[in-house]
Protein chains: 2
Amino acid sequence: MSQTVDRALRILPLLAEGPANLEQVAARLGVHKSTALRLLRTLHEHGMVYRQQDQRYRLGTRLFALAQQAAENLDVREIAHPHLAALNERCGHTVHLAVYEDGEVLYIDKVESRYPVRMYSRIGKPVAITVAAVAKLLLADLPEPERRAVAERLDYPAYTARSTPNAAAYLKELATVREQGWATDFGGHEESINCIGAPVRGTDGRTVAACSVSAPNVVVGTGELLELLPLLRRTADAISAEYSGTTPPPLQKANS
Amino acid sequence: MSQTVDRALRILPLLAEGPANLEQVAARLGVHKSTALRLLRTLHEHGMVYRQQDQRYRLGTRLFALAQQAAENLDVREIAHPHLAALNERCGHTVHLAVYEDGEVLYIDKVESRYPVRMYSRIGKPVAITVAAVAKLLLADLPEPERRAVAERLDYPAYTARSTPNAAAYLKELATVREQGWATDFGGHEESINCIGAPVRGTDGRTVAACSVSAPNVVVGTGELLELLPLLRRTADAISAEYSGTTPPPLQKANS
DNA sequence: TGCTGTTGTTGCACTCTGTGCAACGACCGT
DNA sequence: ACGGTCGTTGCACAGAGTGCAACAACAGCA
């Protein structure tokens, strides 16, 4: 809509691929150097880009701060986290939380099994939307027209032989998911990784988020993983209850 | 520089405080509703803002993705993390990593002691620049004019009785830090929290980052904490060495 | 049911802001 | 000292952004 802003914002994903100098930015935007310069300066003033010693631009740290504040506004995440941690405690596997937004599904939280590190490293990563259990849950709950529109707009990469092949198959899978109230991804993304997911619902019953448990084939087979389904669903329901306000938060959650 | 982009970007921190509707945004920007609408639409198209059911706008999840990619470009963080984790392993306290950028100091990594959770929750948070050990280290290394300019531009909030009171005191403290090569914060931010920090240096000797160990008074006194200084400095030096390329990375760090 | 106030959206004329050009300047390597 | 590369500046033109006013959608209320 607004040409100038549009151009400025296109710079950000461009720089996300790596640092670039003025000319490269101008070339990739298809504008004159001086135009790119002014856009970059404006972005710079707002801390969105940073100019390193070699004068090349890269993304600025203000993005961190904004993303962090954005995360704080997602109160599902805050409410869900202790439940996810408890789930991880009991089953030991990787636990994810994801939300749907504008045709994309994004991880917004993760608890990793063994190594206590770098949880944040995946947060914000777009989910493999055609195969992930959490994606199926979130899409399954969309109103029919939007669901169909999204499904038909997607690409269906063949990550493995068991990946969802096309829109028709996906819509059928979504119908199943919607009916049974939970979802799986058995080797659809990575051959050796299985995953089960369950929905978190708001007061109105709409699916506001989805959580999942993932484990490599060699550790637990699909059968064993499915044994965790009741536990997973209880967790998701507990989050739903607290999110809907039907259950008071377990402890004081006083903020400062 | 660019009015339109400037206005658009001012919307983001505004929304970071919480969701807002069109009128509120227009009012706080000081522009007409229709102008605000077009800016918000453009931001929306880029996923920077999201429109929730009640039609109010909030920050969009694209910010997550961008921040994550920005983080991946900060290779100091990647190199430092294993060292920080090892340090945490040995001393058990909270470990931070921070960088300086355009007059601000930001945490870019954190390893927490006890509870394995929500490491990311503080990442991106601006540091209490007048008192934090990491901030002192990073500012101490700035060229004289910039250091003075920054110091005099700052506010000096009296978090506690031991907070740095004004620019003169801060500059003096920075001189000490620069000379001794490490920094402390003994109750300058929170009365009961002590902290020691050490610099990570690049090939040219410039301080590119700073790491620190923080612990509450009740667990270890300042004396005990200072006993960790050699370990902390060895850690910082190890990061510096690896970052400068004088030491090969300890194991294979193959990416994909 | 109809009225009124609120809030989001659209079309349009005006002009201010962004644009590209060309010239300049800083820097680097040879 | 010289040419080449890349960032920066000033300027004239017009295209893009702006605010206004009217419209539409909706909610609350009598």
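First the proteins, then the strands, lettered A, B, ... as listed; each starts at 1. Excluded from the calculations below are hydrogen atoms, water molecules and symmetry mates; all remaining heavy atoms, backbone and side chain alike, are included.
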Margin query: Counting primed atoms plus P, OP1 and OP2 as sugar-phosphate and everything else as base, spell out the protein contacts along nucleotides 23-28 of chain D at 4.0 Å heavy-atom distance: B, S or - for each nucleotide, 5' to 3'.
Written below: ------
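With sequence neighbours excluded, the residues that form a salt bridge (charged side-chain N to carboxylate O under 4.0 Å, His left out) with A/R28 are A/E17. By the side-chain hydrogen bond (donor to acceptor under 3.5 Å, both in side chains) test, B/Y170 pairs with no residue at all, sequence neighbours left out. In this view, A/E146 and A/Y100 satisfy the side-chain hydrogen bond (donor to acceptor under 3.5 Å, both in side chains) rule, not counting sequence neighbours. Partners of A/A198 by side-chain contact (heavy atoms from CB on, under 4.5 Å), not counting sequence neighbours, listed by chain and number: A/L232, A/R233, A/A236. Among residues two or more places apart in sequence or in another chain, the side-chain hydrogen bond (donor to acceptor under 3.5 Å, both in side chains) test is passed with B/R178 by none. With sequence neighbours excluded, the residues that form a side-chain hydrogen bond (donor to acceptor under 3.5 Å, both in side chains) with A/R56 are A/D54.
Nucleic acid contact class of A/R56 (heavy atoms, under 4.0 Å, all strands): none.
Rounded to whole Å, atom P of D/dT8 lies 7 Å from atom CG of A/L22. Rounded to whole Å, the distance from CZ on A/R38 to P on D/dA16 is 14 Å.
Contacts with DNA chain C (heavy atom under 4.0 Å) in residues 39-46 of chain B: B/R41, listed by number. Contacts between residues 28-37 of chain A and DNA chain D, counted as heavy-atom distances below 4.0 Å, involve A/K33, A/S34, A/L37.
Remark: side-chain polar atoms of A/N166 are paired, donor with acceptor, to backbone N or O of A/A168 under 3.5 angstrom. At least one donor-acceptor pair under 3.5 Å links the side chain of A/S240 to the backbone N or O of A/R201.
Within the 4.5 Å cutoff, the side chain of A/T61 has no heavy atoms near those of the A/Y50 side chain.
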For a quick test of your reading: what N or O donor-acceptor pairs under 3.5 Å do the side chains of residues 4-13 of chain B make, sequence neighbours left out?
| residue | atom | partner | partner atom | Å |
| --- | --- | --- | --- | --- |
| B/D6 | OD1 | A/H46 | NE2 | 2.6 |
| B/D6 | OD2 | B/R10 | NH1 | 2.7 |

Return all side-chain donor-acceptor pairs below 3.5 angstrom for residues 128-144 of chain B, not counting sequence neighbours, or 'none' if the list is empty.
| residue | atom | partner | partner atom | Å |
| --- | --- | --- | --- | --- |
| B/K136 | NZ | B/V131 | O | 3.4 |
| B/K136 | NZ | B/E173 | OE2 | 3.1 |
| B/K136 | NZ | B/T184 | O | 2.7 |
| B/D141 | OD2 | B/R206 | NE | 3.0 |
| B/D141 | OD2 | B/T207 | N | 2.9 |
| B/E144 | OE1 | B/R147 | NH2 | 2.9 |
| B/E144 | OE2 | B/R148 | NE | 3.0 |

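Between chain B and DNA chain C, the heavy-atom contact criterion of under 4.0 Å yields a 5' to 3' nucleotide range of C/dT7 to C/dG18.
Residue B/E101 forms a salt bridge (Lys or Arg N to Asp or Glu O under 4.0 Å) with just one option from A/R62, A/R51, A/R58, and that option is A/R58.
Using modelled atom types, one finds no donor on one side chain facing an acceptor on the other under 3.5 Å when comparing B/D109 with B/H96.
Nearest-nucleotide positions on DNA chain D place A/Q55 closer to the 5' end than the other of A/Q55 and A/V5.
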